[in-house]
Structures are given as structure tokens and as C-alpha cells.
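Below is one structure, written out as C-alpha cells; comments come after it.
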Amino acid sequence: MDAIVDRRSTTLAPPVPGRGRTVTLAGALLATTGIGIVLSTITNEALYPAQRHYSTFADTISSLSGTEPPDSYTVQPNRLIFIVTMAVAGVLVLAATALLRHLARRRLVIALAVFGTGLIGIAVFPGDVATWHPIFAMACFVGGSIAAILSRTLLDRPLRAFAVTLGSVALAATVLGLDFFADLGPQAAIGIGGVERWIAYPVLLWMVLFGAALMTAGAHSRV
């Protein structure tokens with residue numbers, strides 16, 4: 001990960017005292033967020049009442065907070081779990097973004113900021129909010145996908161290839177999840193719920209990978 005530990009890189013600002021700890025903390029926040037959302041989502045899906053027939057084929061992750069209008073309904077504690085998880089995740093991502101703002105290229109910082117804002121947005125406007133939720137969900141999907149791809153500037157091989165692949169998969173799934181493709185391709189085969197998970201889980205896996213790489217680089221820079 002030369003961009004963090006090597007001054008020859010043009011990606012980062014000149015070394016400053018405590019930079020290693022800053023990078024380590026940013027990585028820990030991102031990895032914790034990725035792991036936390038995965039575990040929270042698994043738990044939330046398991047707790048969903050069987051009589052409501054929640055389906056990973058037909059229901060999106062956001063449906064855990066409230067189903068789409070016009071016939072919306074909400075279930076507790078699933079709604080609360082979703083809202084708290086996404087709100088905390090958004091704050092952690094924005095905190096990591098602030099820590100990396102002088103160490104990473106502006107495009108990556110902006111993408112991370114959009115991603116974090118999207119997470120907070122879907123917490124404030126859950127799945128049963130017709131107008132605003134889709135906007136913040138799209139910001140979350142696109143921001144996270146692009147951030148994964150742009151993180152290649154801070155990663156060495158082979159991690160760089162993993163980050164670009166995960167981001168590209170998520171971005172492609174975002175396109176294939178549009179209403180235009182409702183009866184075509186992946187949506188017809190695995191449903192909107194399945195497609196959305198092909199967006200979310202690659203980004204979450206990237207967060208763990210990228211966070212671990214940052215923590216490793218930060219630790220090495222202090223040796």
C-alpha cells in the first residue's frame with residue numbers, strides 16, 4: 001500500500017505527525033461499519049415475523065424499516081434496528097472520510113462523503129418514505145460503488161483488483177436494479193431484493209478489505 005507509507009506517491013499529503021494513527025483509525029471505522037451492517041442485516045432478517053413473509057427475492061434491505069408505498073407497513077423492532085444501524089454506519093463513514101480528507105484524492109473523499117450521507121439519509125427517511133428514501137438509497141449505492149473503485153489509488157496489488165472488481169459489480173448491479181430492468185436479466189431471476197444485495201454486499205465486503213488495508217498501512221507507518 002505504497003500510497004500510505006511511501007512519500008513517492010502523489011495521492012497523499014506530505015507525512016505529518018500521527019498520520020499512522022489517523023490512517024489506522026479510519027480503517028478501523030470503515031471495517032467496523034462493513035462488518036456491523038452485515039451482522040445487523042442478518043439479525044434483522046432473522047427477527048422479521050414469519051407471518052409477514054419477508055423475502056430476499058421480493059423485498060429490499062430497506063423493507064426491514066418499512067415497505068414501499070402505497071400499502072406500506074412497518075414492523076418493530078426491525079424498523080428501529082435498521083434506522084439505528086444505518087445512522088451509526090453513516091456517522092462512522094463520515095468520520096473516516098474526515099480522517100482521510102488530507103490523505104486521499106478528492107474524488108475518493110467525495111465518494112465516501114456521498115456514501116456516508118446516503119446511509120444517514122436512508123436512516124432519516126426509511127423505506128416507507130416514497131420521495132426521499134430512493135434518492136438517498138441511490139446516493140448510497142453509487143457513492144459506495146465509486147468509492148470502492150477509486151480506492152485503487154491507495155491499494156497495492158492484488159487488493160487493488162479486488163476493490164475495483166467489488167465496486168464494478170456493485171455499480172453494474174445498481175444499473176440492473178433500475179425499474180427499466182424489472183422484467184429483464186438479473187431482476188427477473190433473483191428479484192429486486194437479490195439485485196440490491198448484489199449492490200450492498202460487495203460494497204460492505206470492500207469496506208472490510210479497504211479498512212483492513214488502511215489499518216495495516218497505518219501500523220507499518222509507525223514502525
Side-chain angles (χ1 to χ4, degrees), residues 1-16 18-42 61 89-119 139-176 195-223:
M1 194 168 179
D2 296 334
I4 295 290
V5 298
D6 192 336
R7 291 191 62 182
R8 292 174 297 174
S9 172
T10 60
T11 301
L12 304 176
V16 295
R19 189 182 74 177
R21 291 184 177 84
T22 298
V23 171
T24 298
L25 179 56
L29 292 174
L30 291 174
T32 298
T33 302
I35 294 170
I37 293 177
V38 170
L39 295 179
S40 176
T41 301
I42 292 172
I61 297 173
V91 170
L92 294 182
V93 170
L94 291 179
T97 303
L99 292 171
L100 293 173
R101 67 188 185 281
H102 297 309
L103 304 175
R105 291 179 177 174
R106 181 176 298 179
R107 289 175 296 176
L108 174 56
V109 172
I110 292 173
L112 280 171
V114 171
F115 178 44
T117 302
L119 287 169
C140 186
F141 295 156
V142 174
S145 302
I146 292 178
I149 295 171
L150 294 178
S151 70
R152 71 185 186 278
T153 59
L154 297 182
L155 296 170
D156 289 330
R157 297 184 180 90
L159 294 182
R160 182 184 303 167
F162 276 91
V164 171
T165 300
L166 289 169
S168 298
V169 167
L171 194 59
T174 299
V175 174
L176 294 173
V195 171
E196 183 175 286
R197 284 160 177 81
W198 270 85
I199 303 170
Y201 285 120
V203 172
L204 296 174
L205 290 171
W206 161 75
M207 292 178 72
V208 178
L209 178 150
F210 186 48
L214 290 176
M215 285 188 283
T216 301
H220 287 170
S221 71
R222 298 199 301 271
V223 174

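Side chains included, hydrogens not; waters and symmetry mates left out as well; all remaining heavy atoms used. Residue numbers start at 1 and run along the sequence shown.
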Nearest heavy-atom pair of [X] and [Y]: which atoms, and what distance?
X: Ala96; Y: Ala26; result: CB-O, 3.8 Å
X: Ala173; Y: Val195; result: O-CG1, 3.4 Å
X: Ala200; Y: Ile61; result: CB-CD1, 3.8 Å
X: Ala147; Y: Leu112; result: CB-CD2, 4.0 Å
X: Leu166; Y: Pro202; result: O-CB, 3.5 Å
X: Ala170; Y: Ser145; result: CB-OG, 3.2 Å

Q. Roughly how far, to the nearest 0.5 Å, is the CG atom of Leu171 from the CD1 atom of Ile146?
A.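 That separation rounds to 6.0 Å.
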
Q | Rounded distance (nearest 0.5 Å) linking atom CG of Leu99 with atom CG of Leu94 | A |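 Taking CG in Leu99 and CG in Leu94, the distance rounds to 11.0 Å.
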
Please set out all donor-acceptor pairs under 3.5 angstrom arising from side-chain atoms of residues 29-42, sequence neighbours excluded.
unit_1: Thr32; atom_1: OG1; unit_2: Ala28; atom_2: O; d: 2.7
unit_1: Thr33; atom_1: OG1; unit_2: Leu29; atom_2: O; d: 2.7
unit_1: Ser40; atom_1: OG; unit_2: Thr85; atom_2: OG1; d: 2.6
unit_1: Thr41; atom_1: OG1; unit_2: Ile37; atom_2: O; d: 2.8

Could you go through residues 204-214 and list every donor-acceptor pair under 3.5 Å that involves a side-chain atom there, pairing it with any protein atom two or more places apart or in another chain?
unit_1: Trp206; atom_1: NE1; unit_2: Ser151; atom_2: OG; d: 2.9

Q. What do you reckon, is CZ of Phe162 surrounded by more than 12 foreign heavy atoms closer than 6.0 Å?
A.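 Not buried by this count: 12 neighbours or fewer within 6.0 Å.
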
Q. Taking only residues two or more places apart in sequence or in another chain, which ones pass side-chain contact (heavy atoms from CB on, under 4.5 Å) with Thr165?
A.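 Counting only residues at least two positions away or on another chain, Thr165 forms a side-chain contact (heavy atoms from CB on, under 4.5 Å) with Val169.
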
(Q) Could you work out, with side-chain contact (heavy atoms from CB on, under 4.5 Å) as the rule, every residue matching Arg160, not counting sequence neighbours? (A)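 Expected list: Arg152, Leu155, Asp156, Arg157.
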
Q.
Using the rule side chain to side chain contact (heavy atoms under 4.5 Å, CB included), only one of Val203, Val175, Thr174 pairs with Phe141; which is it?
A.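 When Val203, Val175, Thr174 are each tested with Phe141, the side chain to side chain contact (heavy atoms under 4.5 Å, CB included) holds only for Thr174.
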
Q | Trace of the side-chain contact (heavy atoms from CB on, under 4.5 Å) decision for Arg105 with Leu150 | A | CA-CA 9 Å; Arg105 291 179 177 174; Leu150 294 178; over 6 Å; no

